[in-house]
Protein chains: 2
Amino acid sequence: MALLDEEGVGRLTMRRLAERLGTGSTTLYWHVSTKDDVLDLALDRIFVEVPVPEADAGHWREAVATLINGWRGALLAHPWSATLLGRPMLGPNVLTRSEYLHATLLAAGFAEPHLTAAAYALSNYVIGSAMMQATWRTGDEQAARRVAGEYLRAHSDRYPTLAAHGPLVGNDWDVSFRLGLDYLLDGIQGSRAPGQQPRS
Amino acid sequence: MALLDEEGVGRLTMRRLAERLGTGSTTLYWHVSTKDDVLDLALDRIFVEVPVPEADAGHWREAVATLINGWRGALLAHPWSATLLGRPMLGPNVLTRSEYLHATLLAAGFAEPHLTAAAYALSNYVIGSAMMQATWRTGDEQAARRVAGEYLRAHSDRYPTLAAHGPLVGNDWDVSFRLGLDYLLDGIQGSRAPGQQPRS
DNA sequence: TCGACCTCTGGATCGTTGATCCAGTCTCTG
DNA sequence: CAGAGACTGGATCAACGATCCAGAGGTCGA
């Protein structure tokens with residue numbers, strides 16, 4: 001993970017990783033069977049940095065928001081995860097967080113199909129958001145956004161709204177994410193029929 | 001794209017692509033400067049399959065839902081896009097759809113910061129959802145889900161809620177996506193102050 | 001004490017890949 | 001018809017993921 005944090009996923013090779021660990025590259029293949037295994041392990045390792053709120057810790061909405069915000073923070077702390085998110089996440093750390101999310105929603109009184117749909121929406125929202133933002137954070141974020149902004153302004157005839165508002169002109173990622181999460185939680189909360197709130 | 005649809009992104013090499021086109025691999029480098037350019041072009045090419053609703057076509061909510069559903073359908077029609085989504089999307093086809101999304105929300109009466117946040121949330125939700133689902137669709141979906149489901153049931157002591165409900169046990173992706181989109185649109189609609197609806 | 005056995009290591013090597021060099025071909029224009 | 005620019009591709013390079021295979025280190029029972 002130190003190697004990934006420093007140089008990104010593109011520059012991670014089995015040889016360089018072995019050199020970093022002070023061994024030969026062949027040795028790594030005794031512990032993992034393929035390079036994808038290394039990437040899967042690294043991706044799951046990110047999630048130990050996602051704090052899991054204590055059970056029965058107040059309102060379900062706060063607990064879910066805490067989990068999702070931590071989820072996003074961990075992914076953004078390691079931007080190389082953006083490229084890796086398009087692979088099955090079945091590691092124990094991911095599953096633990098996902099289990100907590102489902103359990104919290106279940107205890108809050110959500111029933112199918114809303115239970116699965118709510119967890120589905122929250123997970124995919126945070127994954128998509130972190131990936132989008134991490135994409136623009138690789139390398140020099142300021143330079144990338146400036147180039148993209150100039151490109152949009154140069155073609156402002158084709159993309160007028162995008163050049164005026166738009167995610168690349170003075171967008172505060174944190175504010176947008178928080179608002180988007182509120183939209184989603186509002187909608188989820190509204191899907192629960194009255195009288196279904198065990199501990200609202 | 002035919003090569004990608006048939007064999008996936010892992011088996012796309014410049015040599016095989018050149019052979020498919022009936023030329024040498026060197027020739028490709030006259031038209032593109034790197035392999036990443038090919039992938040960027042292929043990813044943007046997907047979006048021509050996303051129908052853009054006509055302007056002034058009824059309620060903004062229906063227009064947005066149509067765009068987002070088409071967006072998801074195009075990504076799912078080419079599951080190899082899941083691995084590629086973690087890269088900057090600045091192609092003309094993507095920008096056209098993004099421009100339409102922002103313009104529609106602007107015309108519907110949304111103002112900052114809700115305008116940017118709504119577009120941000122919708123884009124990231126559909127990207128995350130399509131990526132998650134495409135991840136499980138590569139190869140034999142039935143087999144992958146069965147293996148994952150058995151794994152969860154085997155560790156049902158650690159993941160009880162996930163083994164009972166959970167995205168891998170009888171989850172209808174289409175239903176969950178539609179419900180999640182409704183949650184998001186409900187929340188977005190609620191963020192607009194009364195009296196701001198030019199054409200509600 | 002010894003030797004069989006399992007865990008673990010790594011130099012050498014294979015096939016493949018992305019990318020480049022450079023000589024050559026094609027086509028269009030004046 | 002000559003020259004310039006657009007385009008092609010065989011040969012080649014460094015780097016990569018992965019494997020082969022010989023061997024080191026430790027453990028345990030006879």
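Values in this document were obtained by computation on a predicted structure and should not be read as measured data. Every heavy atom of this structure was used, including side-chain atoms; hydrogens, water molecules and symmetry mates were not. Letters A, B, ... are given to chains in the order of the sequence lines, protein chains preceding strands, and every chain is numbered from 1.
A distance of 8.0 Å separates CG of B:L179 from OG of A:S191, quoted to the nearest 0.5 Å.
A:Y183 and B:H114 share a donor-acceptor pair across their side chains, judged by distance under 3.5 Å alone.
In this structure the side chain of B:L122 reaches within 4.5 angstrom of the side chain of B:L181, judged on heavy atoms.
The interatomic distance linking A:L28 (CG) with C:dG10 (P) rounds to 9 Å, in whole Å. Distance CG (B:L17) to C1' (D:dG9): 15 Å, rounded to an integer number of Å.
Using cut-offs of 30° and 60° on the angle between ring planes, the pair B:W71 and B:F47 is perpendicular.
Ionic pairing of A:E7 and A:R16 is present here: one or more N-O contacts between side-chain nitrogen and carboxylate oxygen are shorter than 4.0 angstrom. For the pair A:K35 and A:D40, the salt-bridge criterion is not met [side-chain N within less than 4.0 Å of a carboxylate O].
Regarding contacts with the backbone of D:dA6, every side-chain N or O of B:H31 stays at 4.0 angstrom or more from both OP1 and OP2. Distances shorter than 4.0 Å separate none of the side-chain N or O atoms of B:W30 from OP1 or OP2 on D:dT8. Contact annotation: A:T27 side-chain N/O to C:dG10 OP1/OP2 distance is under 4.0 Å.
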Pairwise N/O distances under 3.5 Å, protein to nucleotides 14-21 of chain D:
residue : atom : partner : partner atom : Å
D:dG17  : OP1  : A:K35   : NZ           : 2.5
D:dG17  : OP2  : A:M14   : N            : 3.0
D:dG17  : N7   : A:R15   : NH2          : 2.7
D:dG17  : O6   : A:R15   : NH2          : 2.7
D:dA18  : OP1  : A:T34   : OG1          : 2.5
D:dA18  : OP2  : A:Y29   : OH           : 2.9
D:dA18  : OP2  : A:K35   : N            : 2.8
D:dT19  : O4   : A:T26   : OG1          : 3.3

